[in-house]
Amino acid sequence: MAELKYEITKQLCVLSEGSRGWQKELNLVSWNDREPKFDLREWAPDHAKMGKGVTLTYDEMQALVDCFLEMAEEEELPAE
């Protein structure tokens with residue numbers, strides 16, 4: 001299996017932190033020297049290990065944000 005190469009080019013925000021110190025983060029990540037994409041996943045404190053996540057292009061992220069904002073305008077969002 002080929003080695004996975006990644007570089008977090010910009011840390012955008014931390015959404016939450018688990019009891020083991022892993023953080024759910026939104027970052028810009030370059031995978032295998034490709035153009036960075038938005039990336040949402042849990043990371044170990046040193047970023048050496050990661051959980052499963054999702055990567056989004058700029059257009060996909062824009063569609064997600066637009067969908068969320070439209071939903072927020074139409075109805076009251078549930079509180080945690």
Side-chain angles (χ1 to χ4, degrees):
M1 183 179 212
E3 184 178 337
L4 180 64
K5 183 177 177 185
Y6 65 91
E7 176 188 0
I8 298 174
T9 61
K10 186 169 186 175
Q11 292 181 296
L12 300 173
C13 66
V14 173
L15 301 174
S16 63
E17 184 171 335
S19 60
R20 298 179 301 143
W22 284 52
Q23 295 181 325
K24 189 175 295 177
E25 301 179 9
L26 177 64
N27 299 312
L28 285 173
V29 179
S30 171
W31 297 98
N32 297 319
D33 296 320
R34 293 192 178 107
E35 202 61 33
K37 292 184 179 182
F38 291 96
D39 183 84
L40 179 62
R41 72 183 64 243
E42 288 186 344
W43 291 91
D46 62 358
H47 289 116
K49 294 182 181 178
M50 68 190 89
K52 292 182 180 178
V54 62
T55 59
L56 301 167
T57 64
Y58 179 87
D59 289 340
E60 290 168 332
M61 178 58 102
Q62 186 64 61
L64 179 64
V65 170
D66 290 346
C67 177
F68 177 80
L69 292 175
E70 184 177 310
M71 183 181 72
E73 287 178 5
E74 291 176 0
E75 60 186 75
E76 189 173 317
L77 296 176
E80 261 189 51

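Computed from a prediction, not measured in an experiment: that's the story for all the values here.
Shortest non-hydrogen contact noted between Met50 and Trp22 is C-CZ3, 3.7 Å. In plain terms, the two heavy atoms of Pro45 and Arg20 that are nearest each other are CG-O, 4.5 Å. Taking each heavy atom of Leu64 and Leu56 in turn, the nearest pair found is CD2-CD1, 4.0 Å. Between Glu60 and Thr55 the shortest heavy-atom distance is OE1-O, 4.0 Å.
Residue pairs meeting the salt bridge (Lys or Arg N to Asp or Glu O under 4.0 Å) criterion with at least one partner in residues 4-13, sequence neighbours excluded, are Lys5-Asp33.
Ile8 and Val14 fall into different hydrophobic clusters, where Ile, Leu, Val, Met, Phe, Trp and Tyr side chains are chained together by heavy-atom contacts under 4.5 Å. Cluster annotation: Trp31 is not connected to Val54 through the hydrophobic network of ILVMFWY side chains, with a link wherever side-chain heavy atoms come within less than 4.5 Å.
For the atom pair CE (Met61) and CG (Leu40), the distance works out to 7.5 Å, reported to the nearest 0.5 Å. Atom CG of Asn27 and atom CG of Asp39 lie 6.5 Å apart (nearest 0.5 Å). Distance CD/Gln23 to CD/Glu42: 10.0 Å, rounded to 0.5 Å.
Trp43 is linked by a ring-ring contact (aromatic ring centres under 6.0 Å, His included) to Tyr6, His47, counting only residues two or more places apart in sequence or in another chain. In this structure, the side chain to side chain contact (heavy atoms under 4.5 Å, CB included) partners of Cys13, at least two apart in sequence or on a different chain, are Leu15, Leu26.
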